[in-house]
Amino acid sequence: ALYLKNILGGGIIGDVDDATGTSAIEHTYKFEQDEFSNYKTLKDTNSNIYHLLSMSSPVTAGWIGSAPLVELNPISTEKASSLLSCAALFDAIPDFGEEWCPMSLMDINLLTNYYKQITIEQVRTKEEWDFPQAIYIDGIDVNGTMRTSTHLPWNQPRSTYFENDDDENAIKRYGVVWAFLERNLRVACGGGNNDTTTTTTATEKCTE
């Protein structure tokens, strides 16, 4: 490749358009779908461009300003006001509530990953879509996964297994590396798979 095209994605904080009420989550979701749906054609028509997509977690000045006040302000009324201001930035998230503010970048990373796994999984299963040559993303976990639950990776025992999805307290992860590997294997074996109900794995596709 002769050129690097670095595409900055979106996050989950705030509203993009106050007039229409389009949330950052909705905007990012649509943006990533548009990008992924075009990569197959883009890579076929111009092999000189190396596409790099950011799926990491941008933050806003509103969060940077309110989170420290929630943690450090000794005046209870001002702390409560800062908490409401911070929580309002995430009001597009269902049942987010008004009594919690993400206090670290990792908190936001994990919230973001919960939504990023949706579009990554769509690319894995849609024949007409494709990944860019590379992405960068936050919250990478063990065994080729990214963490998608709200459990911070510090101050707790390390867990390397996939817990029961029915347990609301379990650490949740998505196999992001495995999604890339399976997609690439399907492409190498002559095509993707647009039928999400199939039981044919990528390995079986290559041995057909």
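- Between the side chains of Glu26 and Ser23, a donor-acceptor pair is found at a separation under 3.5 Å.
- Ion pairing between Asp141 and Arg147 holds under the 4.0 Å rule for side-chain N and carboxylate O.
- Between Asn113 and Thr148, the shortest heavy-atom distance links the atoms O-CG2, 3.8 Å.
- Ile75 and Leu83 sit in two unconnected hydrophobic clusters of ILVMFWY residues. Membership requires side-chain heavy atoms under 4.5 Å apart, directly or through other members.
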task: Evaluate the criterion salt bridge (charged side-chain N to carboxylate O under 4.0 Å, His left out) for residue pair Glu127 and Arg186; output intermediate values, then yes/no.
output: CA-CA 9 Å; Glu127 181 178 358; Arg186 288 187 184 278; over 6 Å; no
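- In summary, the side chains of Tyr29 and Gln122 do present a donor paired with an acceptor at a separation below 3.5 Å, with no hydrogens or angles considered.
- Using modelled atom types, one finds a donor on one side chain and an acceptor on the other under 3.5 Å when comparing Tyr174 with Glu121.
- Looking at Leu152 and Asp107, their side chains come closer than 4.5 Å, going by heavy atoms from C-beta outward.
- The OG atom of Ser104 lies 7.5 Å from the CG atom of Leu110; values are rounded to the nearest 0.5 Å.
- With rounding to the nearest 0.5 Å, the separation of CG in Asn109 from CD1 in Ile140 is 10.0 Å.
- A pairwise comparison of heavy atoms in Thr119 and Met55 identifies OG1-CE, 3.8 Å as the closest pair.
- Proximity of Thr145 to Val177: side-chain heavy atoms (C-beta onward) are nowhere separated by under 4.5 Å.
- Using a 4.5 Å cut-off on side-chain heavy atoms (C-beta onward), Trp63 and Cys101 make contact.
- Trp129 places a side-chain heavy atom less than 4.5 Å from the side chain of Gln33.
- The distance between the ring centers of Phe180 and Phe131 falls below 6.0 angstrom.
- For the pair Leu4 and His51, the minimum side-chain heavy-atom distance is 4.5 Å or more.
- Counting heavy atoms from C-beta on, the side chains of Asp138 and Met146 never come closer than 4.5 Å.
- With 3.5 Å as the limit, one finds no donor-acceptor pair spanning the side chains of Asn38 and Thr41.
- With respect to the salt-bridge test (charged N to carboxylate O, under 4.0 angstrom), the residues Lys30 and Asp34 qualify.
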task: Could you please spell out the steps behind the salt bridge (charged side-chain N to carboxylate O under 4.0 Å, His left out) verdict for Arg124 and Glu182?
output: CA-CA 7 Å; Arg124 186 186 70 82; Glu182 181 173 350; 3.1 Å; yes
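- In this structure a side-chain-to-backbone donor-acceptor pair under 3.5 Å is present from Lys79 to Val70.
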